[in-house]
Amino acid sequence: MININESTQLARLELSLFLLRFGVFIVLLAWTLDKLLNPAHAISIFEELYFIPGLGNTMMIGIGVIELIFIMVFVAGIWKRYTYGIVILIHAISAIAPWEKYTIELGARYSMLYYADWPMLAAAITLYLLRDLDVKYTLGR
């Protein structure tokens, strides 16, 4: 049996948490870039999944800019209690909103892609619970 010392275990944990944070950031960045580069698509998602009609391109780009600032603060590990918590809230809403897409009933719009929301939500919750140990490549405490 291999005995791994505590410093090695801590280094592995820190790297793992950084990789989780960076992985969640990549998904959030894709969503943000969609708002900035293809606002019409993002508007259609807001209308279809969140029942928020009437957002124009300017409003969606504004949302995208605010989101970009937020996710940069998140990936930098600043204000973890708040940024990690908001990521959980935002992602939980995005995982629950397309609930109809999880059904396989005849005629239902179904996509396996939506199931990928749940491991990402678990990663966001893990980051929040272990936020004090997530110190690798952070600007926060």
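Count residues from 1 along the sequence.
- Atom CE of Met72 is surrounded by 12 or fewer heavy atoms from other residues, nucleotides or ligands within 6.0 Å.
- By the 30° and 60° cut-offs, the orientation of the rings of Phe46 relative to Tyr50 is perpendicular.
- Rounding to the nearest 0.5 Å gives a distance of 7.0 Å between CG of Leu121 and CD1 of Ile88.
- Taking all atoms of both residues into account, the shortest heavy-atom contact from Pro39 to Asn57 is CB-OD1, 3.7 Å.
- Nearest heavy atoms, Val24 versus Ala123: CG2-CB, 4.1 Å.
- For Gln9, the CD atom is densely surrounded, since the number of other residues' heavy atoms within 6.0 Å is greater than 12.
- Between the NE2 atom of His91 and the CG atom of Leu89 there is a distance of 11.5 Å, given to the nearest 0.5 Å.
- Applying the side-chain hydrogen bond (donor to acceptor under 3.5 Å, both in side chains) test to Asp34 and every residue at least two apart in sequence or in another chain returns His41.
- Linking ILVMFWY residues whenever their side-chain heavy atoms come closer than 4.5 Å, directly or via other members, places Leu17 and Phe22 in the same cluster.
- The same ILVMFWY cluster, assembled from side-chain heavy atoms under 4.5 Å apart, contains both Leu19 and Leu129.
- Looking at Lys80 and Asp134, no side-chain N of the basic residue comes within less than 4.0 Å of a carboxylate O on the acidic one, giving no salt bridge.
- Leu15 and Tyr84 fall within the same hydrophobic cluster, defined by Ile, Leu, Val, Met, Phe, Trp and Tyr side-chain heavy atoms under 4.5 Å apart, directly or through other members.
- Between atom CD1 of residue Ile61 and atom CG of residue Asn38 there is a gap of 10.0 Å, rounded to the nearest 0.5 Å.
- Residues Leu55 and Phe51 fall into different hydrophobic clusters, defined by Ile, Leu, Val, Met, Phe, Trp and Tyr side chains chained together at heavy-atom separations under 4.5 Å.
- Rounded to the nearest 0.5 Å, atoms OG (Ser44) and CG (Leu49) are 8.5 Å apart.
- Taking CG from Leu68 and CD1 from Ile63, the interatomic distance works out to 13.5 Å, rounded to the nearest 0.5 Å.
- The list of side-chain hydrogen bond (donor to acceptor under 3.5 Å, both in side chains) pairs with a residue in residues 58-77, not counting sequence neighbours, reads Thr32-Glu67, Lys35-Glu67.
- Between the Arg21 side chain and the Lys136 main chain, a donor and an acceptor come within less than 3.5 Å of each other.
- Taken to the nearest 0.5 Å, the CG atom of Leu127 stands 9.5 Å off from the OG1 atom of Thr83.
- In terms of hydrophobic clustering, with Ile, Leu, Val, Met, Phe, Trp and Tyr side chains grouped at heavy-atom distances under 4.5 Å, Ile52 and Ile66 are assigned to different clusters.
- Heavy-atom minimum distance, Trp31 versus Ser94: CH2-OG, 3.3 Å.
- Across Leu28 and Ile71, no two heavy atoms sit closer than the pair CB-CG2, 3.7 Å.
- Tyr137 and Phe18 have perpendicular rings, their planes meeting at more than 60° on a 0 to 90° scale where under 30° would count as parallel.
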